[in-house]
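Only one structure is covered here, and it is reproduced in the block below.
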Amino acid sequence: MTSITVDPLNPRVLARNYDYAQKNVRVLAMWYGCDIERMLELLAANDIELSRNDRIQFGAEYRSLQRKRSA
């Protein structure tokens, strides 16, 4: 039996893990062992839309990161 290696930074895996974390950036950041700013960078870089609650808390920073990425 072979072991399957999963890249946690793969956009599909990241999106699925965000769902598993109940669309909560703080929970996902703890799960990934990184700070919230880094998690927002990863989500923005992969165009993973924030939940309503996360948009309220982190929307401005998320949009800023997306603009920097596309510039």
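Heavy-atom basis, side chains included; hydrogens, waters and symmetry copies ignored.
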### Query
Under 4.5 Å between any side-chain heavy atoms of Tyr18 and Val25, yes or no?
yes
### Query
How far apart are the closest heavy atoms of Leu50 and Leu43, and which atoms are they?
CD2-CD1, 3.8 Å
### Query
CZ of Arg12: more than 12 outside heavy atoms within 6.0 angstrom?
no
### Message
Any non-hydrogen side-chain atom of Glu49 less than 4.5 Å from a side-chain atom of Arg55?
### Response
yes
### Query
side chain to side chain contact (heavy atoms under 4.5 Å, CB included) between Arg26 and Met39: does it pass, once the steps are laid out?
CA-CA 8 Å; Arg26 291 180 193 280; Met39 187 51 57; over 6 Å; no
### Message
Within the 4.5 Å heavy-atom criterion, are Leu28 and Asn17 side-chain neighbours or not?
### Response
yes
### Query
What are the two closest heavy atoms between Val27 and Ala21, and how far apart are they?
CG1-CB, 3.8 Å
## Note on the structure
Residues at least two apart in sequence or cross-chain that pass side chain to side chain donor-acceptor pair (under 3.5 Å) with Gln66, listed by chain then number, are Asp47, Tyr62
### Query
How many angstroms lie between atom CG of Asn46 and atom CD of Glu41, to the nearest 0.5 angstrom?
11.5 Å
#### Entry: Rounded distance [0.5 Å steps], CZ in Arg16 versus CD1 in Ile48
11.5 Å
### Query
For the hydrophobic clusters of this structure (ILVMFWY residues joined by side-chain heavy atoms under 4.5 Å, transitively), does one cluster hold both Leu42 and Tyr20?
yes
### Task
State plainly whether one hydrophobic cluster holds both Leu9 and Leu65, where clusters connect Ile, Leu, Val, Met, Phe, Trp and Tyr through side-chain heavy atoms under 4.5 angstrom apart.
yes
### Query
Side chains of Leu40 and Asp54: closer than 4.5 Å at any heavy-atom pair?
no
### Query
Distance from Asn24 atom CG to Asp19 atom CG, nearest 0.5 Å?
12.5 Å
